[in-house]
Amino acid sequence: MLTKQLKPAVEAILFLQHKPMPIYKIAETIDETIEPEHYKAAIDELIQDYQSNERGVELSEIAGGYAFRTKLEHRDMI
């Protein structure tokens with residue numbers, strides 16, 4: 001249940017970032033008392049959600065953090 005509650009907040013925070021954000025910074029922003037594995041579970045679900053062919057972006061682990069980026073197959077159109 002906690003993962004479902006965290007997912008939209010994690011998504012919104014990562015959407016607003018201009019560079020990769022590590023889990024500990026996400027936790028500092030939302031609630032440091034929640035265990036990191038709950039944030040990781042929410043991120044893993046978001047990664048799966050954004051793997052759909054209907055999405056133009058993906059959520060990826062980059063440089064020790066997580067960030068949204070344009071999918072490779074759509075970069076030439078932008």
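All residue numbers in this chain count up from 1 along the given sequence.
- Formation of a donor-acceptor pair under 3.5 Å by the Ser52 side chain with backbone atoms of Glu54 is found in this model.
- Atom CD of residue Gln5 and atom CD1 of residue Ile34 lie 8.0 Å apart, to the nearest 0.5 angstrom.
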**Report entry** Leu2/Glu35 under side chain to side chain contact (heavy atoms under 4.5 Å, CB included): CA gap, chis, key distance, verdict
**Finding:** CA-CA 10 Å; Leu2 187 53; Glu35 295 294 322; over 6 Å; no
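- Judged as a ring-ring contact (aromatic ring centres under 6.0 Å, His included), the pairs with a partner in residues 3-52 (not counting sequence neighbours) are, in order, Tyr50-Phe68.
- One finds the CD1 atom of Ile43 at 6.0 Å from the CG atom of Leu14 (value rounded to the nearest 0.5 Å).
- Salt bridge absent: Lys40 and Glu37 never bring a charged side-chain N and a carboxylate O closer than 4.0 Å.
- Thr29 contributes atom OG1, which lies 5.0 Å from atom CD1 of Ile13 (distance to the nearest 0.5 angstrom).
- The heavy-atom pair separating Pro20 from Ala67 by the smallest distance is CA-CB, 3.9 Å.
- Here the shortest heavy-atom pairing between Val10 and Ala42 reads CG2-CB, 4.4 Å.
- Under the salt bridge (Lys or Arg N to Asp or Glu O under 4.0 Å) criterion, the residue pairs touching residues 6-17 are Lys7-Glu45, Lys7-Asp49, with sequence neighbours excluded.
- Lys71 meets the side chain to side chain contact (heavy atoms under 4.5 Å, CB included) test with Arg55, Glu58, Glu73, His74; sequence neighbours excluded.
- Between Ala9 and Ile30, the shortest heavy-atom contact is CB-CD1, 3.8 Å.
- Note on Ile47: it clusters hydrophobically with Ile26, by side-chain heavy-atom contacts below 4.5 Å among ILVMFWY residues.
- In this structure, Glu61 and Tyr66 have side chains that are in contact, with non-hydrogen atoms separated by less than 4.5 Å.
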